[in-house]
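Let me begin by presenting the structure, written as structure tokens, before commenting on it.
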2 protein chains.
Amino acid sequence: MTLNLTMAIIRSVPDSSDTKLRLRLSRAGVRPTRQRLTVLKALAAEQHDATAQEIYARLRRRGERVGLATVYRTLSLLSEREVVDELAHHPTETCYRLCSPGHHHHLVCSECHRVEELGSCDLEPWLDRAAGSRGFVPTSHTLEVVGLCAGCRAS
Amino acid sequence: MTLNLTMAIIRSVPDSSDTKLRLRLSRAGVRPTRQRLTVLKALAAEQHDATAQEIYARLRRRGERVGLATVYRTLSLLSEREVVDELAHHPTETCYRLCSPGHHHHLVCSECHRVEELGSCDLEPWLDRAAGSRGFVPTSHTLEVVGLCAGCRAS
DNA sequence: ATAATTGCAAAGCGTTTGCACCCTG
DNA sequence: CAGGGTGCAAACGCTTTGCAATTAT
């Protein structure tokens, strides 16, 4: 039981050691500069999703030397290379989240804004059937679920 | 056959007669001004979704007297009152669509940007099960499907 | 050495807002 | 006539871009 819990925690929290993050970058063909590592590390430390501005502010407060433009450029590059996820639930600004690889969806808590991954999406068969009857062939889909997480429900 | 087609067309194209649109507004508790009717009519005439700027440009080109701010204010009000749907698939600007009432999702064609409604969403049971195992209680969800519509697939 | 990356400040762009005027009820 | 609605232009907030200096391979 304790082991299961521990494993679950290990699996759910992205590894934020420098080497692992560096590896994530080079695997994606992204040159691992000091700034990019810094941004990625900040994102890895987040429970919630974060905007470019939030990450920038957090890093500057901490005394890190990064430019706002670099944060934007980094996040957009990482999102393009599928190192980070882009969430659409906020209309005016883009939110980013460091997630596990592979297709999945997100549970966003409306109370504390914590983001959980909803792995293993078996929506495709249903989707293909529903859309197919209209001659529509799906190539991609995004599902965002808003609700209350376990923690917030308790209080 | 002809009858079926006709009925399908009637059902799929929102009624854009002034009286019907006027009714939609008052039912939503929105005062039916000339500008609001104009915006709603423009939206009803769209096959695709449309941004505030697009609708504004279209109306001005047609010689209609509306301000850009009014278009923004109208669309946001109508979206709030659930007269129109708001699509999130475009990151930088908000797209609007006049849809049939009730919970549904959207099929967006990546080629021609036509938007089709995916009625009858029986996702909830699946969602409750998937999220529930994490203690997460969904309150709402949005699903956006991108793909190729029948017309574009043919060419 | 060479090409990519960064920082800054300026520009861009979609959207919102203040306010005087106008209309509708 | 009272109160919401409108138009214009200015203000806003997020994001991108031009360019010279810097850094990684």
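Side-chain atoms are counted along with the backbone in the values below, which use heavy atoms only and exclude waters and symmetry mates. Below, read A as the first sequence line, B as the second, and so on, with proteins coming before strands; counting in each chain starts at 1.
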* **N or O in side chain of B:Tyr72 less than 4.0 angstrom from C:dT16 OP1/OP2** => no

* To do: Calculate the interatomic distance between B:Leu37 atom CG and C:dT24 atom C1'; express it in whole Å.
  => 14 Å

* A:Arg60 side chain to A:Val66 backbone, donor-acceptor under 3.5 Å -> yes

* To do: Identify which nucleotide among D:dG5, D:dG7, C:dT15 has an atom closest to any side-chain atom of B:Thr33, counting heavy atoms from C-beta outward.
  => D:dG5

* To do: Find the distance A:Leu77:CG to D:dT16:C1' and express it as a whole number of Å.
  => 15 Å

* Taking only side-chain nitrogens and oxygens of B:Arg36, does any of them come within less than 4.0 Å of OP1 or OP2 of D:dT6? -> yes

* To do: Give the rounded distance in Å between these two atoms: OH of A:Tyr96 and C1' of D:dT15.
  => 9 Å

* Asked: What nucleic acid atoms does A:Arg73 come within less than 4.0 Å of, heavy atoms only: base, sugar-phosphate, or nothing?
  -> base

* Asked: More than 12 heavy atoms of other residues, nucleotides or ligands under 6.0 Å from CZ of B:Arg65: is that the case?
  -> no

* Asked: How about B:Glu93: does its CD atom have over 12 heavy atoms from other parts shown lying under 6.0 Å from it?
  -> yes

* Would you kindly say whether A:His113 and A:His90 are connected by a side-chain donor-acceptor distance under 3.5 Å? => no

* So what is the end-to-end bend of the helix from C:dA1-D:dT25 to C:dG25-D:dC1, with 5 pairs used at each end and the value given to 10 degrees? -> 40°

* Donor-acceptor pair, B:His106 side chain versus B:Glu144 backbone, under 3.5 Å? -> no

* Structure fact -> Out of D:dC8, D:dA24, D:dT15, minimum distance to the side chain of A:Ala52 belongs to D:dT15

* Nearest-angstrom distance from the residue atom CG of B:Leu68 to C1' of C:dG18 -> 16 Å

* To do: Rounded to the nearest angstrom, tell me the gap between atom CZ in A:Arg65 and atom P in D:dT22.
  => 12 Å

* Asked: With sugar-phosphate meaning primed atoms plus P, OP1 and OP2, does B:Ser76 contact a base, only sugar-phosphate, or nothing at under 4.0 Å between heavy atoms?
  -> nothing

* Does a donor on one side chain sit under 3.5 Å from an acceptor on the other, for A:His89 and A:Asp49? -> yes

* Taking NE2 from A:His90 and C1' from D:dT15, how many angstroms apart are they, rounded to a whole number? -> 14 Å

* Asked: Want to settle it: does B:Arg31 or B:Ala69 sit nearer the 5' end of DNA chain C, counting the closest nucleotide to each?
  -> B:Ala69

* To do: Would you please confirm or rule out a distance under 4.0 Å between OP1 or OP2 of D:dG5 and any side-chain N or O of B:Thr70?
  => no

* Asked: Does B:Thr92 place a side-chain N or O at less than 4.0 Å from the phosphate oxygens OP1/OP2 of C:dG14?
  -> no

* Could you pull out the closest heavy-atom pair between A:Tyr72 and A:Ala52, with the gap in Å? => CE2-CB, 3.6 Å

* Below 4.0 Å: OP1/OP2 of D:dT22 and any side-chain N or O of A:Gln35 -> no

* Roughly how many Å is it from OH in A:Tyr56 to P in D:dT15, rounded to a whole number? -> 14 Å

* Asked: Are OP1 or OP2 of D:dT15 and a side-chain N or O of A:Thr94 less than 4.0 angstrom apart?
  -> yes

* Cationic N near anionic O, under 4.0 Å, A:Glu116 to B:Arg134 -> yes

* **Length of the line joining A:Glu93:CD and C:dG14:C1', which is rounded to integer Å** => 14 Å

